[in-house]
Colleague: 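What follows is a structure written as C-alpha cells; I'll ask about it next.
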Amino acid sequence: MFDSEFEQNLFDLRRAKLAEIEKLGESAYPNRFAATHTLGAVRGHWGEVQAAELDAGRVTVAVAGRIMAIRAQGKAGFATLQQEGQRLQIYVRLDAVGEQGFALYKLLDLGDHIGVAGYLFRTRTGELTVHVERLTFLSKAMLAMPEKYHGLADLELRYRQRYVDLFANLDSREVFVKRARLLKALRRFFDERGYLEVETPMMQQIAGGAAARPFKTHHNALDMDLYLRIAPELYLKRLVVGGLDRVYEINRNFRNEGISTQHNPEFTMLEFYQAYANYHDLMDLTEELIRFVAMEVNGTTLTTFNEAEIDLGKWERLTMREAIVKWWPENSGSPRPALEELHAPDKLRGWVEDLRAIGKQIDYTDGEPAGKTIANIFEAVAEDFLIQPTIIYEFPTAVSPLSKQKPDEPDWVERFEVYIGGFEIGNAFSELNDPVEQHRRFEQQLAERQRGDEEAHQMDEDYVRALAYGLPPTGGEGIGIDRLAMLLTGSRSIRDVILFPLMRPEKQEPASSSPLPG
RNA sequence: GAGCCCGUAGCUCAGCUGGUAGAGCAACGCCCUUUUAAGGCGUGGGUCCUGGGUUCGAAUCCCAGCGGGCUCACCA
C-alpha cells in the first residue's frame, strides 16, 4: 500500500492524531452527520447576499466537506471545505468553539472530512464564510494530498488513482458529471419517443453484429466457451421481430483490439431500432438527437474539440462516393475521379497505388471485393476532413453484411455513418430483413474469413431463423457514447471520459507493506 | 504491433556539455484571532523507474527491460 517511508511515517503520524481526536471525545470514524445544506446549496442561497444583510439576520447552517486548504493563525484559523465539486470557507476561532473545539481544529489535516455548524458572514475580503460554533470530526486522510495549486497532473496517476483525480481536479469531475447528463439526456430522448430500454446478452456464443475480434471466456458449469459481445445488434433486431417495435440499449461492448486515444477495450454503445423507419428517417433523428443532447449537456450546440470550433447543430450530408471525389488529394498521381467512375470501379488498384505513393495508408489485397477497397479509400482520403458534423451515406454492400441494398444499385446499401471531429461516432442503416439474402451475406463473410479476415462476420443461423419469422422494415443505429462524451467535453483522449480506463498492471508490491502493525 | 518523447522527495517541477541532488507545496516544531497559492523562523524527507555497460567517477552518456504519453496500424 505504501510507496515510501514518507507515506508510512505520515500514516503512523495520522494514526496518532486519530488517537488524540478520540481522547477529545470524538469518534474516529463516526457514521453520520446531519447537514442542513450542501455547500452548493449554501452558495446558491447566500452566494450573492451582502455582508450587512448576513449580519442583520443571522443564518445558521450545518455543512460537511473535505478540507482542501487550511490556514491556521494562532488562536484562529480558516479552512476551505469541498463537497460535490463546490467549495466554501470556514472560520474557526478559539473563543467561538472553545478549548476542546480548537484542540480538534489543530489536529485536522488536509484531506480530512469534517462537519461544521455555525453562522454565515463575509470576511474583510468579501468571502462567504461559515463562522464555526461547533466542529465535528468525520474521517481522516491518512495519505498526503496532491499539490494544492497544480492538482494531480501526472496522467498515469490520474487514470490509476481516479479517486484522487476526482477530488483534486474539479475539471475531471466535471467531465464525468457531463457524461452522466449525456446518458440521462439520451434516455429521455428515446423514452419520450416511445422506445423501450432493454438489456441483451453481453456473453454470447456467436460474437456478431460488428467486424471486430472478441474477448473469449468460459462458463464452467455448462463447460461452454463464450464471447464478450462486440455489439448487441443481432439481439435487438430479434426483439423487433418479437414485436418490440422501438428498442434501445446503452451498455458496454468489448473488442479485443488496440488501445488508442479513441479506443478502449470496453466502451459504451447506444444502439436503437425503429420499425417502419429507413435510413433517411434515422438521419433526421440523429441530427435531432445530437442537437438535443448538446443542449442538455452544455446548453449550446457549440463545442471545441482539438482546437476546432464545432457546431453540433449544423449538418452536412454526402454520399461516400461524393466524399471521395470532394476530398480527393490534389497531389496524387491519379486525377480526381468522376462520380460515375465510382459507380463501376475498374481503376481501384491504380488508385490505391497512387494514394499509397503520396503516403496514404490503405489496406489492399488482390481479389478483395471492390466495395471493400472503396470503403478503405474513403477512410484514407476523407475521414480527416470530417470535422463538422457530417453524415456519409450509401456504403458498399461488401462491407455491410447486415444492411439493406439500394433497390436500384445492389452493390450499395442504405447505410450511413456519422462523422464529427474527424472520427466516426455513429453507424446506421436500413436493416436487411430478407432471410435468404441475409444467409447469402453471411456466407460471403465466411468466404472473407477463409481469405484471412479475422473480423469478418460469423454465420448466425438463429438470427436468420428470427428474420424468417418476419422483421418489419426497420432502421437501426449505433452511437459510440464515449466518443460523443469526448466531443461534448472537449476531451482529446477516450481515457479522459472513462472513469477507470484499462491500464497495464504496475510492478507487484512486496507483500510486507501492510498498514497494520505486527 | 511500429516510431518518437517522458520517468528526480507524497505532489508540482529544476538539475542532464559526467564530479553521487535542489526549490515550492505537503509534513514536523515554534509564532500569529478576517486569511485565501496566508505569512515568519527552524527541522526532517530521495534504491534520481529497474538491470547491465562505459568511466577514476553516472540522475546526466550507451544498451536492455518496465510503466506512461503522442503518432501510426486494427477498429467504433
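The chains referred to below are lettered A, B, ... by the order of the sequence lines, with proteins before strands, and numbering in each begins at 1. Quick caveat, the model's predicted, so the values are computed rather than measured.
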Colleague: Does a side-chain N or O of R495(A) approach OP1 or OP2 of G69(B) to a distance below 4.0 Å, or not?
Modeller: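 Result: yes.
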Colleague: Output all residues satisfying side chain to side chain donor-acceptor pair (under 3.5 Å) with S332(A), sequence neighbours left out; order by chain, then residue number.
Modeller: W328(A)
Colleague: What's G151(A) touching, base or sugar-phosphate or nothing? Going by heavy atoms closer than 4.0 Å.
Modeller: sugar-phosphate
Colleague: Using a heavy-atom cut-off of 4.0 Å across all strands, would you classify M503(A) as base, sugar-phosphate, or nothing?
Modeller: sugar-phosphate
Colleague: If you measure only the distance, is there a donor-acceptor pair under 3.5 Å linking the side chains of N427(A) and R415(A)?
Modeller: yes
Colleague: Let me know the distance between CG of L155(A) and P of C11(B), rounded to the nearest Å.
Modeller: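 Interatomic distance, CG of L155(A) to P of C11(B): 14 Å.
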Colleague: So, OP1 or OP2 of U71(B): does either fall under 4.0 Å of a side-chain N or O from T261(A)?
Modeller: yes
Colleague: Find every protein N or O atom lying less than 3.5 Å from an N or O atom of nucleotides 25-28 of chain B, and list the pairs.
Modeller:
from, atom 1, to, atom 2, distance (Å)
C25(B), O3', K148(A), NZ, 3.4
A26(B), OP1, K148(A), NZ, 2.9
C28(B), OP1, K17(A), NZ, 2.7

Colleague: Does T123(A) put a side-chain nitrogen or oxygen below 4.0 Å from OP1 or OP2 of U35(B)?
Modeller: no
Colleague: Are R483(A) and A76(B) close enough that a side-chain N or O sits under 4.0 Å from OP1 or OP2?
Modeller: no
Colleague: From CD of E383(A) over to P of U71(B), roughly how many Å is that when rounded to an integer?
Modeller: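 So the CD-P distance, E383(A) to U71(B), works out to 14 Å.
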Colleague: Under 4.0 Å between any heavy atoms, over every strand shown, what does E257(A) touch: base, sugar-phosphate, or nothing? Just pick one.
Modeller: base
Colleague: Toward the 5' end of RNA chain B, which comes first, A210(A) or R492(A), by nearest nucleotide?
Modeller: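 Closest to the 5' end, via its nearest nucleotide, is R492(A).
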Colleague: For U35(B) versus G40(B), give the span between their P atoms, rounded off to a whole number of Å.
Modeller: 16 Å
Colleague: Please name the nucleotide paired to C25(B) by Watson-Crick or G-U wobble geometry with both distances under 3.5 Å, or report none.
Modeller: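 Base partner found: G10(B).
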Colleague: Looking at the base of U34(B), is there any donor atom on it, or on the side chain of R124(A), that sits under 3.5 Å from an acceptor on the other one?
Modeller: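 Counting by modelled atom types and ignoring angles, no donor-acceptor contact under 3.5 Å is found here.
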Colleague: I'd like the P distance from U17(B) over to G7(B), given in whole Å.
Modeller: 14 Å
Colleague: Give the table of side-chain donor-acceptor pairs shorter than 3.5 Å for residues 77-86 of chain A, with sequence neighbours excluded, one pair per line with atom names and distance.
Modeller:
from, atom 1, to, atom 2, distance (Å)
Q82(A), OE1, R87(A), NE, 2.8
Q82(A), OE1, R87(A), NH2, 3.0
Q82(A), NE2, F167(A), O, 2.9
Q83(A), OE1, L39(A), N, 2.8
Q83(A), NE2, A64(A), O, 3.4
E84(A), OE1, R173(A), NH2, 2.6

Colleague: When all nucleic acid strands are considered with a 4.0 Å heavy-atom cut-off, which category describes G480(A): base, sugar-phosphate, or nothing?
Modeller: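 Here G480(A) touches no strand at all.
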Colleague: Under 4.0 Å between any heavy atoms, over every strand shown, what does E127(A) touch: base, sugar-phosphate, or nothing? Just pick one.
Modeller: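 Answer is base: heavy atoms of E127(A) come under 4.0 Å of a base.
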Colleague: Using the C1' atoms only, state how far U71(B) lies from U8(B), rounded to an integer number of Å.
Modeller: 27 Å
Colleague: Would you classify D363(A) as touching base, sugar-phosphate or nothing, given that sugar-phosphate means primed atoms plus P, OP1 and OP2, and contacts are heavy atoms under 4.0 Å?
Modeller: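 Sugar-phosphate contact only - D363(A) comes under 4.0 Å of backbone atoms but never of a base.
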Colleague: I'd like the C1' distance from G52(B) over to G19(B), given in whole Å.
Modeller: 22 Å
Colleague: Expressed in angstrom and rounded to an integer, what is the separation of Y159(A) atom OH from G67(B) atom C1'?
Modeller: 14 Å
Colleague: For the pair made of NE2 in H131(A) and C1' in U34(B), what is the distance, rounded to whole Å?
Modeller: 9 Å
Colleague: What interatomic distance, in whole Å, is found between P of C41(B) and the corresponding atom of A26(B)?
Modeller: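 Rounded to whole Å, the distance is 15 Å.
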Colleague: Select base, sugar-phosphate, or nothing to describe what R158(A) touches, counting heavy atoms under 4.0 Å on all strands.
Modeller: nothing
Colleague: How would you label the contact of F423(A) with the nucleic acid (heavy atoms, under 4.0 Å): base, sugar-phosphate, or nothing?
Modeller: nothing
Colleague: Could you work out the separation of C30(B) and A37(B) based on their C1' atoms and round it to a whole Å?
Modeller: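 The answer is 23 Å between these two C1' atoms.
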Colleague: For the residue pair A323(A) and A382(A), what are the closest heavy atoms and their distance?
Modeller: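 Nearest pair, atom of A323(A) first, then A382(A): O-CB, 4.1 Å.
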Colleague: Measuring only the C1' atom in each nucleotide, how far is C66(B) from A73(B)? A whole number of Å is fine.
Modeller: 24 Å
Colleague: Checking R492(A) against F305(A): charged group under 6.0 Å from the ring centre and within 45 degrees of the axis?
Modeller: no
Colleague: With sugar-phosphate meaning primed atoms plus P, OP1 and OP2, does D453(A) contact a base, only sugar-phosphate, or nothing at under 4.0 Å between heavy atoms?
Modeller: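 Touches nothing.
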Colleague: At less than 4.0 Å, is any side-chain N or O atom of R504(A) found next to OP1 or OP2 of G68(B)? Yes or no.
Modeller: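 So the side chain of R504(A) is within the cut-off, an N or O lying under 4.0 Å from OP1 or OP2 of G68(B).
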Colleague: Would you classify E455(A) as touching base, sugar-phosphate or nothing, given that sugar-phosphate means primed atoms plus P, OP1 and OP2, and contacts are heavy atoms under 4.0 Å?
Modeller: sugar-phosphate
Colleague: Checking side-chain contact (heavy atoms from CB on, under 4.5 Å) between F190(A) and each of I250(A), V247(A), L270(A), which is the one that passes?
Modeller: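 Result for side-chain contact (heavy atoms from CB on, under 4.5 Å) with F190(A): L270(A).
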Colleague: So A153(A), base contact, sugar-phosphate only, or nothing? Heavy-atom distance under 4.0 Å.
Modeller: sugar-phosphate
Colleague: Contact class for D95(A) (heavy atom, under 4.0 Å): base, sugar-phosphate, or nothing?
Modeller: base
Colleague: Starting at the 5' end of RNA chain B, which residue's closest nucleotide do you reach first, G126(A) or L152(A)?
Modeller: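 Checking each residue's closest nucleotide, the 5'-ward one belongs to L152(A).
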Colleague: Classify the nucleic acid contact of L157(A) as base, sugar-phosphate or nothing, counting any heavy atom under 4.0 Å across all strands shown.
Modeller: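 L157(A): backbone/sugar contact only, no base atoms under 4.0 Å.
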Colleague: Given the P atoms of G67(B) and U50(B), what is the spacing between them in whole Å?
Modeller: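 Those two atoms are separated by 15 Å.
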Colleague: Taking atom types as they are modelled, is there a donor-acceptor pair under 3.5 Å from the base of U35(B) to the side chain of Q89(A)?
Modeller: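 When only heavy-atom distances are counted, Q89(A) does reach the base of U35(B) through a donor-acceptor pair under 3.5 Å.
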Colleague: Check D366(A) with R349(A), please: is the shortest side-chain N to carboxylate O separation under 4.0 Å?
Modeller: yes
Colleague: Separation of D384(A) atom CG from U71(B) atom C1', in whole Å?
Modeller: 12 Å
Colleague: Surrounding CD of Q161(A) (heavy atoms of other residues, nucleotides or ligands, distance under 6.0 Å), is the total greater than 12?
Modeller: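 Result for CD/Q161(A): enclosed.
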Colleague: F500(A) ring centre to R162(A) NZ or CZ under 6.0 Å, with the angle to the axis within 45°?
Modeller: no
Colleague: More than 12 heavy atoms of other residues, nucleotides or ligands under 6.0 Å from CZ of R134(A): is that the case?
Modeller: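 For R134(A), atom CZ is not crowded (no more than 12 foreign heavy atoms under 6.0 Å).
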Colleague: Reckon A72(A) touches a base, only the sugar-phosphate, or nothing at all at heavy-atom distances under 4.0 Å?
Modeller: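 The answer is base, as A72(A) lies within the cut-off (heavy atoms under 4.0 Å) of a base atom.
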